[in-house]
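Below is one structure; the comments refer to it alone.
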Amino acid sequence: LKIPMKKSLITTLLLLSLLSLLSISVFCQEEDVVDPEHLHEIGDHSKCTHDSLDIPEPELLDIDEPYPPVETDERMLATTYNFRIYPYYGFLNSAPSSFRSYFTNRLGPQLVSYFEGALRTKYPVNGRLKVPSSYKKVCGKNTPSALRNGVVADFFLMFDSSYDYKAGNNWVAESYSCYHASGSKRPLVAKSVLNRAMFKNPGSNVLLHEKNIYMMLHEITHTLGFSSSLYKYFLDSSGRRRSGHIKKIGTATVLNVSPLTSRLRKFFGCSTLKGAYMENSGSSATAGSHLERRHYPYEAMTSGLIYQQ
């Protein structure tokens with residue numbers, strides 16, 4: 001994978017363990033002045049507000065997928081398939097050419113390459129992923145012809161942008177899933193909107209490009225199910241909906257899912273660890289939907305820290 005970054009251990013574990021549905025999220029970054037002396041300031045006032053956005057509930061989409069699995073066939077239960085992502089950049093045509101070129105030719109392909117390499121699915125789309133011809137809009141946008149005609153993919157990810165610069169308004173990206181499978185409930189169609197007032201083309205500044213990668217990895221991971229409202233839909237290795245895996249310990253939400261919990265116990269050297277502790281501070285958009293920063297200080301799925309250090 002041609003990504004100028006180290007793989008974060010816990011994010012890799014989470015990506016392997018938390019294969020579920022959808023989510024929405026906003027990650028924030030200071031307005032980009034491409035100046036290395038100011039890069040450390042990015043994110044000093046960052047916040048995530050995905051629970052407070054006026055985002056419609058995702059809709060169910062009937063697709064041909066091998067779900068529910070045949071419980072008597074152990075080979076089928078153990079089979080996984082490449083996770084195929086179809087990135088759609090058509091909505092970026094209204095953006096400046098330099099921004100569009102950076103995202104479609106440099107950043108976007110690296111993001112797709114990372115997630116396709118890190119994830120596998122038990123419930124791939126058989127045939128083509130498509131929406132009915134009667135769907136004039138998806139995710140609030142005119143339905144792309146590619147999605148109407150169908151694509152050979154398991155996940156259709158649309159990228160869009162706007163320019164929103166106001167005092168005190170420091171959001172960078174808004175990402176959420178619009179449709180998920182009626183059977184497995186996993187995400188099928190999602191959208192990320194980038195705020196060009198904050199999210200900039202880094203040019204030759206490799207540090208800013210790396211920060212852009214971290215931010216988008218964070219956003220896309222949210223769309224894949226890393227959200228407090230979606231933990232209840234997580235499936236076990238047999239395709240059954242999990243139960244008892246969401247715990248409350250004090251004010252913290254703790255996820256106890258395999259193999260995540262056993263790997264965390266080994267990583268921290270603590271055989272009694274209850275699971276992965278979620279953030280218990282901040283707004284409803286932050287608490288529960290990000291990793292506890294005291295446990296994972298430099299993790300990609302903590303809230304806001306990526307741009308502070």
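- Geometrically, Lys191 does not engage Tyr176 in a cation-pi contact, judged by NZ or CZ lying under 6.0 Å from the ring centre and within 45° of the ring axis.
- The side-chain contact (heavy atoms from CB on, under 4.5 Å) with Leu188 is formed by just one residue from the set Asp154, Val131, Leu61; it is Leu61.
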Quiz item: Would Ser289 and Glu279 count as a side-chain hydrogen bond (donor to acceptor under 3.5 Å, both in side chains) if you check the C-alpha gap in whole Å, the side-chain angles of each, and the deciding distance to 0.1 Å?
Solution: CA-CA 7 Å; Ser289 293; Glu279 181 62 65; over 6 Å; no
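- Scanning both residues, Pro202 and Arg106, for their nearest heavy atoms gives CG-NH1, 4.1 Å.
- Between Ile249 and Lys274, the closest side-chain pair of non-hydrogen atoms falls below 4.5 Å.
- Looking at every heavy atom in both residues, Tyr296 comes nearest to Tyr277 through CE1-O, 3.9 Å.
- No donor-acceptor pair under 3.5 Å is formed between the side chain of Arg293 and the backbone N or O of Thr302.
- At a cut-off of 3.5 Å, with distance as the only test, no side-chain donor of Glu299 or His218 sits close to an acceptor on the other residue.
- In this structure a side-chain-to-backbone donor-acceptor pair under 3.5 Å is present from Glu65 to Ser184.
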Practice problem: Evaluate the criterion side-chain contact (heavy atoms from CB on, under 4.5 Å) for residue pair Arg148 and Lys130; output intermediate values, then yes/no. | Solution: CA-CA 5 Å; Arg148 185 177 292 112; Lys130 60 189 301 185; over 6 Å; no
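- A ring-centre distance under 6.0 Å is not found for Tyr233 and His180.
- In this structure, Tyr67 and Gly183 approach most closely via the heavy-atom pair CE2-O, 3.2 Å.
- Between Tyr231 and Phe234, the distance separating the two ring centers is shorter than 6.0 angstrom.
- In this structure, Thr223 contributes its side chain and Ile220 its backbone to a donor-acceptor pair below 3.5 Å.
- A search for side chain to side chain contact (heavy atoms under 4.5 Å, CB included) contacts involving Ser101 returns Asn105, not counting sequence neighbours.
- Atoms CZ and OH, from Phe199 and Tyr102 in turn, are 5.0 Å apart once rounded to the nearest 0.5 Å.
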Exercise. Verify side-chain hydrogen bond (donor to acceptor under 3.5 Å, both in side chains) between Arg265 and Ser271, making sure each step is shown before the conclusion.
Key: CA-CA 5 Å; Arg265 288 173 177 173; Ser271 62; over 6 Å; no
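- Side-chain contact check for Leu147 versus Ser145: every heavy-atom pair is 4.5 Å or farther apart.
- Shortest non-hydrogen contact noted between Ile85 and Ala153 is C-CB, 4.4 Å.
- Side-chain atoms of Thr143 come within 3.5 Å of backbone atoms of Lys137 as a donor-acceptor pair (strictly under, hydrogens ignored).
- Atom CZ of residue Arg128 and atom CG of residue Asn126 lie 13.5 Å apart, to the nearest 0.5 angstrom.
- The CG atom of Asp164 lies 12.5 Å from the CG atom of Leu194; values are rounded to the nearest 0.5 Å.
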Practice problem: Test ring-ring contact (aromatic ring centres under 6.0 Å, His included) on Phe83 and Tyr123 and set out the steps. | Solution: CA-CA 9 Å; Phe83 187 64; Tyr123 313 115; over 10 Å; no
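- With values rounded to the nearest 0.5 angstrom, Ser228 atom OG is found 9.0 Å from Ile246 atom CD1.
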Practice problem: Verify side-chain contact (heavy atoms from CB on, under 4.5 Å) between Leu119 and Leu224, making sure each step is shown before the conclusion. | Solution: CA-CA 11 Å; Leu119 300 180; Leu224 292 171; 3.6 Å; yes
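- To the nearest 0.5 Å, the span separating CZ on Phe156 from CG on Leu129 amounts to 8.0 Å.
- Remark: Ser97 engages no residue in a side-chain hydrogen bond (donor to acceptor under 3.5 Å, both in side chains) (not counting sequence neighbours).
- The shortest side-chain heavy-atom distance between Arg196 and Ser161 falls under the 4.5 Å cut-off.
- Within the 4.5 Å cutoff, the side chain of Ser98 has heavy atoms near those of the Asn201 side chain.
- Ser177 contributes a side-chain N or O that, together with a main-chain N or O of Val189, makes up a donor-acceptor pair within less than 3.5 Å.
- Asn149 places no side-chain N or O within donor-acceptor distance of the main-chain N or O of Ala146, the cut-off being under 3.5 Å.
- At a threshold of 4.5 Å between non-hydrogen side-chain atoms, the residues Met198 and Asn195 count as touching.
- In plain terms, the two heavy atoms of Gly288 and Met278 that are nearest each other are O-CG, 3.7 Å.
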Quiz item: Where do Arg84 and Val152 land on the side-chain contact (heavy atoms from CB on, under 4.5 Å) test, with the steps shown first?
Solution: CA-CA 8 Å; Arg84 302 162 299 175; Val152 179; 3.3 Å; yes
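- In terms of modelled atom types and a separation under 3.5 Å, the side chain of Tyr86 and the main chain of Met158 share no donor-acceptor contact.
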Quiz item: Should Val172 and Met215 be marked as a side-chain contact (heavy atoms from CB on, under 4.5 Å) after you check the CA-CA gap, both sets of side-chain angles, and the distance that decides it?
Solution: CA-CA 9 Å; Val172 176; Met215 190 274 289; 3.2 Å; yes
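- Two residues are said to be in side-chain contact when any heavy atoms from C-beta on lie closer than 4.5 Å; Lys122 and Ser237 meet this criterion.
- Side-chain contact, Glu210 with Tyr214: a donor N or O sits under 3.5 Å from an acceptor N or O.
- For an aromatic pair to be called close, the ring centres must be under 6.0 Å apart, and Tyr135 with Tyr179 satisfies this.
- For the pair Asn280/Thr253, no side-chain contact is recorded, criterion being any heavy-atom separation below 4.5 Å from C-beta on.
- Here Arg294 pairs with Glu292 under the salt bridge (Lys or Arg N to Asp or Glu O under 4.0 Å) rule; sequence neighbours left out.
- In this structure, CZ in Phe155 is found 11.5 Å from OG1 in Thr121, a value given to the nearest 0.5 Å.
- Residues Thr221 and Phe115 meet the side-chain proximity criterion, which asks for heavy atoms closer than 4.5 Å.
- Here Phe159 and Phe103 bring their ring centres to under 6.0 angstrom of each other.
- At distances below 3.5 Å, not a single donor-acceptor pair connects side-chain atoms of Ser113 with backbone N or O atoms of Pro109.
- Linking Ile, Leu, Val, Met, Phe, Trp and Tyr residues whenever their side-chain heavy atoms come within less than 4.5 Å leaves Val125 and Leu60 in two separate clusters.
- When all heavy atoms of Thr261 and Leu273 are compared, the pair lying nearest together is CG2-O, 3.9 Å.
- Using a distance-only test at 3.5 Å, with no hydrogens or angles considered, no donor-acceptor pair links the side chain of Arg241 to the main chain of Leu235.
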